[in-house]
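Just so it is clear, the model here is predicted, and its values are computed rather than measured.
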Amino acid sequence: MNDTASRESVIAKIKALFERTTENGCTEAEAIAAALAAQRLIVRHNVTDAELTEHRTDEPVVELCASAVSGNWSSTLAGVIARSFRCTVYLETRRKRSKMKTYVFMGCETDATAARAAFDYLYRVGTELANQEARRQRDLYGSYSSRGIRPSFCMGFARGVADELERQSVALMVVTPQRVEDAFAERTAGWGTYSLHTSLTDPDAYGNGRRAGRDAARARSVEGQLGICA
């Protein structure tokens, strides 16, 4: 196979991965795994955005709500996922004072769908792993208070996801399309800002969460399942 045919094969594989969505019958886990796998293929083969946009130029800019979540660490997770998938994100204003938070991803339809799936999946993984970390600490230390373990672990998890996705985004030179930025500016004109803060009380849990976040964002085992190992 010559270089041109090989590159066309890679691009076709990436585009096929972008089609693995929940709307096309995949589970959420399969959809996010496919989106992350596509991003890694793009990095590995230095595929430019221009080579991929042919099938996306006519896509509408949409706003997709993720599942309602709790925990202030979700703000960091939503922000890094939006940037990594060429989207913008905002907190639904009607709920920003509620304990439950709903993030809205705005972007071209393929990107926003992937971003929403990524957020829902990684938030769920982070929460489950934080619960496991708290149980592990209780088993080790008995009466040791686990109050700060979950939020510290989740903060680390979000940072670990950011470590991996931001590294890939820099390599890809990911840029949010101008029409998405313009739509976001119009949608949020006159809105104020809202900051969410989480206290770090357990450095060990934070470190464990950061490593878990990196692993979750890489999802290396999925590559073999999708047949795209290097």
Side-chain angles (χ1 to χ4, degrees), residues 11 14-23 28 31-67 69 73-93 96 101-123 158-196 213-214 216-219:
I11 292 171
I14 293 169
K15 290 180 178 180
L17 286 168
F18 278 132
E19 296 301 321
R20 290 176 177 255
T21 64
T22 53
E23 288 79 1
E28 287 185 359
I32 177 53
L36 293 173
Q39 192 178 49
R40 285 194 296 277
L41 271 180
I42 293 169
V43 173
R44 185 178 303 151
H45 296 279
N46 196 28
V47 176
T48 66
D49 192 59
E51 292 176 284
L52 294 173
T53 53
E54 180 182 355
H55 75 302
R56 295 157 69 171
T57 52
D58 295 330
E59 284 188 327
V61 175
V62 299
E63 299 175 54
L64 299 179
C65 293
S67 300
V69 298
W73 68 282
S74 61
S75 176
T76 299
L77 185 65
V80 71
I81 287 174
R83 293 189 296 274
S84 298
F85 286 91
R86 309 191 332 152
C87 293
T88 55
V89 64
Y90 63 85
L91 185 64
E92 191 176 57
T93 54
K96 68 181 182 180
K101 303 168 181 63
T102 301
Y103 295 95
V104 183
F105 292 92
M106 177 181 285
C108 297
E109 190 168 16
T110 297
D111 296 325
T113 300
R116 177 180 63 179
F119 176 81
D120 286 347
Y121 177 69
L122 290 172
Y123 179 87
R159 184 62 255 171
V161 170
D163 289 341
E164 181 64 18
L165 293 188
E166 286 174 352
R167 181 187 66 80
Q168 294 183 17
S169 295
V170 169
L172 281 169
M173 295 183 290
V174 171
V175 177
T176 302
Q178 187 59 49
R179 62 194 180 106
V180 174
E181 296 283 9
D182 292 343
F184 181 77
E186 181 178 353
R187 180 74 172 85
T188 60
W191 289 12
T193 58
Y194 184 65
S195 298
L196 298 173
R214 290 171 184 156
R218 291 187 187 111

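Across all their heavy atoms, V89 and G79 have their closest contact at CG1-CA, 4.2 Å. Taking each heavy atom of A66 and D120 in turn, the nearest pair found is CB-OD1, 3.4 Å. Shown here for I81 and A115, the closest heavy-atom pair between the two residues is CG2-O, 3.5 Å. Minimum heavy-atom separation, A183 to V61: CB-CG1, 4.1 Å. Here the closest heavy-atom approach between residue V62 and residue E109 is recorded as CG2-CA, 3.8 Å.
Take R83 and apply the salt bridge (Lys or Arg N to Asp or Glu O under 4.0 Å) test, not counting sequence neighbours, and it matches E166. Not counting sequence neighbours, E186 has no partner by the side-chain contact (heavy atoms from CB on, under 4.5 Å) test.
Rounding to the nearest 0.5 Å places CD of E63 at 8.0 Å from OG1 of T88. Interatomic distance, T176 OG1 to F184 CZ, rounded to the nearest 0.5 Å: 10.0 Å. L122 CG to L77 CG: the interatomic distance, rounded to the nearest 0.5 Å, is 6.0 Å. The CZ atom of F105 sits 9.5 Å away from the CZ atom of F85 when rounded to the nearest 0.5 Å. Atom CZ of residue R159 and atom CZ of residue R214 lie 9.0 Å apart, to the nearest 0.5 angstrom. Going from atom NZ of K101 over to atom OG of S67 covers 14.5 Å, rounded to the nearest 0.5 Å.
Ring-plane geometry between Y123 and W73 is classed as parallel, the angle between the planes falling under 30 degrees on a 0 to 90 degree scale with a further cut at 60.
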Residue pair C87, V180: steps toward the side-chain contact (heavy atoms from CB on, under 4.5 Å) verdict: CA-CA 7 Å; C87 293; V180 174; 5.6 Å; no
